[in-house]
Structure formats: C-alpha cells, structure tokens
Amino acid sequence: MMMLPSQKRVGLLISTLLLSTLSLVSSSYFDDKVDKNKNEEAINAYLTKGNNALGSGNLHSAGRSYEACLRMDPDQRYCLINYASVLVDLNAEESDESMKQQRTKKAQDMMTRVLALHPNDGDAAFNLALLLQDSSNSEEVTREAARLYQVAVQAADTDGEERWDALANMAAAKQEIGEFMGEYGAIRAYERVIVMLEEMVQDKEAYLTQNGNNFENEQYQYLEAELRALNEYLSTLYYGYGTVLSELSNSDCKALQSEDSLLIDWVEPFVKGSGTEKENETDEASANHVCKMNAINALRLAVDLNSENVVAEHMLAALTEGDVGKGRASNEFVSALFDDFAETFDAKLKALGYKVPGLVGDAAKELLVLSGQSSYRSALDAGCGTGLAGRYLRPLVEGSLVGIDLSKKMLDLAAQCTLSKGCGLKDEEAASAAKEDNKPLYDHLASLDLETTTLKEVGAEVGFDIIAAADVFVYFGDLQKLLSNFAKLSDSSGPHGAFLIFSCERIEEEEDSKWKLQKSGRYAHSKSYVVNTAANAGYKLVAYDEITPRYEKGEPVKGHLFRFSLGKDQDAKDEL
C-alpha cells in the first residue's frame, strides 16, 4: 500500500513562543482558591523570573516560577503558555512514559484553557496543535490541528506578522485532510510559506556573500549549515506543493488560475456563463495541464534543493514517466516513505477501507483446502510492514513465519506484535486471547531487498511453503526478477509444491503497457502480463480475482489478487 507521505511538522528552524516544557505542576493548582485582588507586580515578577530561567535552560526553576505565577492567577495567559512549553521540554529528558503522558496532558489542558479565554491566541493554538499531533495521528486530530494552525496563521495575519512555521504545518495538515482550495487551503498556504522561505534563503545567501570574510571558519560553517537546513525544508515544501497540484481536479485547477498564485504560464479562465460547453471543457483541460506542469516544476525544485529527497524524486518520475526504464521504486524511496508512515500506517489504512490482508488470509486458507493440508510448514510475509497480513497467516503456519520489509520502523512495530496483541488484532480478539500468548507473531524479521533476498539471510535452511505479498507489487513495474527470486525462496519439492499469493493494482488489457507507473507513484499491471511473467518463473495460476484493495477519495481502486502454485503436481491443480 502506498500513500503520499504527510509532510513533517516543522522541527523549528526558527524559534517561536513554542518553547516546550517544565516540571509537573501540582494536579490541584487550578482549584486553589485565588485572591481576586491579585498582585500584578508579583505576577509579572514570577513571569519574568520564569522566562529568564527558561532562556538559560533551567527548566525546573522556570517551572517553579510559572507555578507560583499560576497560583496567584490560574488564568495568566503567558504563564500558562510558557509553563506548558516547559512541561514538553522536560519530556525530552524523561524516560518514564507515565510521567510523559501526564505532562503532555497537563500541557494540553493549559493550552486549551488559554484558548477558552483567548480564542484567537496564535501561540496557544500553534502549541496545542503540535501537542495534539504528537499524541495522536488520527484523522480527527489532524483535522483539529489544521483548524488550530489556521487560528495561529490568522492571528499572525491580523498582527501583520509572518509565521512560516504555522503556515507550513497548516499546509501539511490541510493537505492530509484534503482541504486544498481557499484562502487558508493547502495550496495557498504552501505558496505563502514558499515565498517566505525563498526570501529568507536569499537574505542569508546575500549576507554570507557580503560578510563571509569577516567570519571565523567555525562561524561560517554554522551559517552554511543553517542555509542547508532552510533549503532542505524548502525542498519538503515544494514536494508538498507539487503533490497537491498533481491531485487537483480539472475544476479546481481552473479556479486556481490567477496572477495571485505561484503558477507559471497560468491560463485566463472563461468568464462564467460564456462560451459553449465544449469551450469550457477545453478550458478546464488547459488548466489541468498548467497544474501538471507546475507540479513537475515544483518536484524538480524539491529534488534540486535536496538531492536526498528520494520521495520527491520518485513522484517526479511518476508524473514525467521518467522512471519507466528502472522498472521499480528505489529502496531509498520505499524505506523513506514507510519510515515516515510507520506510526500512522494502520490507522490510515483503516480509514481507506483497506482489505488486502484479510483477502490474503482467506486465499491462504483456500490453498490449504486445495492442497489437502492442515497447515503450512513455513511462510514468508514479503513486504510485511506492520504485520497486518502476518496476523492472518500465523494461525495457518505450524512452523516459522518470516517477515521482510525495507522499512526498519515498520519492522520495529511488527516486532512488538505477539499472538495476543498488535498487528491488527481487534480489541475483542485481544481480550479473548490467552494471557500467556506472548510469543512473538513472527519468528524472524529482516530488512532486505525482496529481489535479492536469500534463504541464508532469513535464517532458513529450506524454502517456504507459501509466500504472501500484500500490496507490495505496487512498488515494482517489471516483475521478472522479483518472481524469479520468489521461486528460489520456495520449497517446491514436497508433495504439495509451494504457493504464492499477492495483490497488485490493475490496468486494463487494452492499454499499451504491460505495467505502468501511475501518477500516484504506484505501479499497476495487466493480468496477462502478471500471468505470463509468473509462468516464465515456473508458476501456474491457481486462482484469480479482481478486487478493490482500498478506496481513495471515495473511489474504489482497481486491483487483482493472484494465487499461483509451484511444484511437481501443479499441473494437476485446477483453477479455483
């Protein structure tokens, strides 16, 4: 499964009032009786003392000062904001997860309190959005974070300030929830923050050019590092901007054509109500072409600014078909993509109605019935990710279940799964599982390239009875090398041979390509190409279904599910 990765939240290159954390305040301080005739001078003194301590890095001292301030006035706006920041900073050096959660919750409560009293406080809104996204990546939280970032941006606009951090995070959040258009939509936010950072880069470059000879070598290297960091973040922003443009509908592209946008060679739209229906369609098609060309330009800039932005490089190839000759996504792209998605992967797939792991599990059961076996001796979960397919395979495998994936962060999550928790196990199933079922779901996990993996690398003396690959082939165009290696990893010498199950996205037979790299960055294949290529590797088709692996933007994605056999008696097996 592949989705466009979400943009990283700003790891602030420029500090804002988002300071970060402190020592945990008394749980009852909000309930303390307060003298309403508060001493403003004393309150300000505590605030100043806390700010000075915070500025010098003395978090605990700062916390005590802010706590004293809040005991005198629980609603003091800036003591609340800065105390919440101290709590977050303290979490960075805290190993006790329970304490971290308490501090995070307390910080969230403080920011919420500020916003209840001051709904347009940009600093509180920005900080609360960060705290929410750090604690959860659900769609509901992302939507609320997007709203809060917008509050921060609007507050800055009202004050005549420029908050590129809030704009950048708002752009990414709005993109993630599909709010592309409008004054505070993803596109306009990306355009505004790109202009800001371009100006910052130009100013820093000019400063270095004019004053470079006046710096010590260490100072100069520091300033150069700052400049590189800005360019790398600009690369991320251009990537986000390019991917949004590539996703726009014709009508949205048409609405975007304006001298106020960053679009190059934008076209003048027809006046509403004028022209024939055919002319209006031509206008939208022209606008769509402009969006695509500008998306390509933005992705090229992303790659130029940061040669290590492999995700932008892959998406550029998808839009220009420049990667067709390679026949697969690079290891660097796949690893970067899924390392970025690891923590939110399962939740996002659930929201997309993702069905492939369950379909793979059902297919594996069917093949057991076909072969007359009660279980598989061993299985390879190829491209195992967080273990969603492994959960369905495990009950069918008597011996070793091995998982392979390029993303180490995905593998880290899969390694946490046991027979009684994780890897897609539903709450009611986990509750009914025996408490002693703490055996790991997988017997072995490894970060390897599926085209070159050997049995020795996965610790296997003989090949696997069954190999399953759930939504892995979307990163490969040419399947010959992959399928040939799967055959090498299989034990086809037994009486039942070996089986292979995999899904991929589907293109129709009448299309010119046997496979194609789609605009989404995923590869799709025709049925005839897959069957013929598998036959060349020694496989025979046992069963086939057209499937809907998931939904994107409410529309079903076209896919297929293949079941192949490999072995002595495969000719006797009839297609299911």
Side-chain angles (χ1 to χ4, degrees), residues 6-16 18 122 125-126 129 146 149-176 179-210 223 226-248 252-253 255-268 287 290-306 309 311-312 315-316:
S6 57
Q7 301 298 298
K8 295 288 188 181
R9 294 190 291 284
V10 176
L12 298 180
L13 300 172
I14 297 176
S15 64
T16 66
L18 169 78
F126 180 80
Y149 287 132
Q150 182 172 325
V151 170
V153 170
Q154 289 174 317
D157 290 346
T158 300
D159 295 337
E161 299 175 352
E162 292 184 341
R163 286 205 61 166
W164 75 267
D165 51 357
L167 273 167
N169 288 357
M170 182 180 77
K174 293 279 183 138
Q175 178 179 5
E176 195 164 342
E179 292 184 9
F180 299 158
M181 305 298 289
E183 183 180 1
Y184 293 99
I187 290 176
R188 185 59 182 145
Y190 275 127
E191 290 179 339
R192 288 180 62 186
V193 70
I194 283 171
V195 169
M196 287 182 190
L197 260 69
E198 288 280 16
E199 291 176 351
M200 290 167 61
V201 166
Q202 290 172 9
D203 290 345
K204 193 167 287 293
E205 286 176 339
Y207 182 73
L208 278 171
T209 301
Q210 294 170 9
L223 292 170
E226 280 191 332
L227 183 59
R228 281 196 302 274
L230 282 173
N231 278 323
E232 287 174 4
Y233 202 76
L234 254 179
S235 171
T236 301
L237 293 171
Y238 272 118
Y239 165 75
Y241 183 54
T243 53
V244 173
L245 288 175
S246 71
E247 292 184 69
L248 290 183
D252 282 344
C253 281
L256 198 61
Q257 309 298 309
S258 165
E259 61 185 7
D260 293 330
S261 73
L262 291 185
L263 296 182
I264 301 170
D265 295 330
W266 60 278
V267 295
E268 187 74 37
V290 171
C291 282
K292 180 179 179 180
M293 292 300 102
N294 277 271
I296 290 171
N297 183 61
L299 291 169
R300 283 191 177 126
L301 286 168
V303 174
D304 289 343
L305 286 164
N306 180 10
N309 192 338
V311 179
M315 295 308 300
L316 175 61

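Computed over heavy atoms, backbone and side chain alike; hydrogens, waters and symmetry mates excluded.
- Among residues two or more places apart in sequence or in another chain, the side-chain hydrogen bond (donor to acceptor under 3.5 Å, both in side chains) test is passed with R300 by none.
- A search for side-chain contact (heavy atoms from CB on, under 4.5 Å) contacts involving L305 returns N231, L234, S235, Y238, not counting sequence neighbours.
- The side-chain hydrogen bond (donor to acceptor under 3.5 Å, both in side chains) check on N306 picks up nothing, with sequence neighbours excluded.
- Within the model, atoms CE of M196 and CG of L167 stand 4.5 Å from one another, a figure rounded to the nearest 0.5 Å.
- The two atoms that bring A173 and Y149 nearest to each other are CB-CD1, 4.4 Å, heavy atoms only.
- Heavy-atom minimum distance, C253 versus L248: SG-CB, 3.6 Å.
- Distance CG/L245 to CD1/I296: 11.0 Å, rounded to 0.5 Å.
- Atom CZ of R192 is separated from atom CG of D157 by 4.0 Å, given to the nearest 0.5 angstrom.
- D159 meets the side-chain hydrogen bond (donor to acceptor under 3.5 Å, both in side chains) test with no other residue; sequence neighbours excluded.
- Across A312 and A302, no two heavy atoms sit closer than the pair CB-CB, 3.8 Å.
- Of all heavy-atom pairs between N309 and Y239, the closest is ND2-CB, 4.2 Å.
- Remark: C291 SG to E247 CD distance equals 12.0 Å, nearest 0.5 Å.
- Within the structure, salt bridge (charged side-chain N to carboxylate O under 4.0 Å, His left out) contacts touching residues 194-208 (residues at least two apart or in different chains) are K204-E226.
- Annotation: the span from L237 atom CG to L301 atom CG amounts to 12.0 Å, rounded to 0.5 Å.
- In this view, E162 satisfies the side-chain hydrogen bond (donor to acceptor under 3.5 Å, both in side chains) rule with no residue, not counting sequence neighbours.
- Distance CH2/W164 to CG/N169: 8.5 Å, rounded to 0.5 Å.
- Qualifying side-chain contact (heavy atoms from CB on, under 4.5 Å) partners for Q150, counting only residues two or more places apart in sequence or in other chains: Q154, M170, K174, Y184.
- Here the closest heavy-atom approach between residue G122 and residue A152 is recorded as O-CB, 3.4 Å.
- Annotation: side-chain contact (heavy atoms from CB on, under 4.5 Å) contacts of E191 (sequence neighbours excluded): I187, R188, Y241, S261, L262.
- For the pair A295 and S246, the tightest heavy-atom approach, listed with the atom from each and the gap, is CB-N, 3.9 Å.
- Checked against side-chain contact (heavy atoms from CB on, under 4.5 Å), D304 has no partners two or more places apart in sequence or in another chain.
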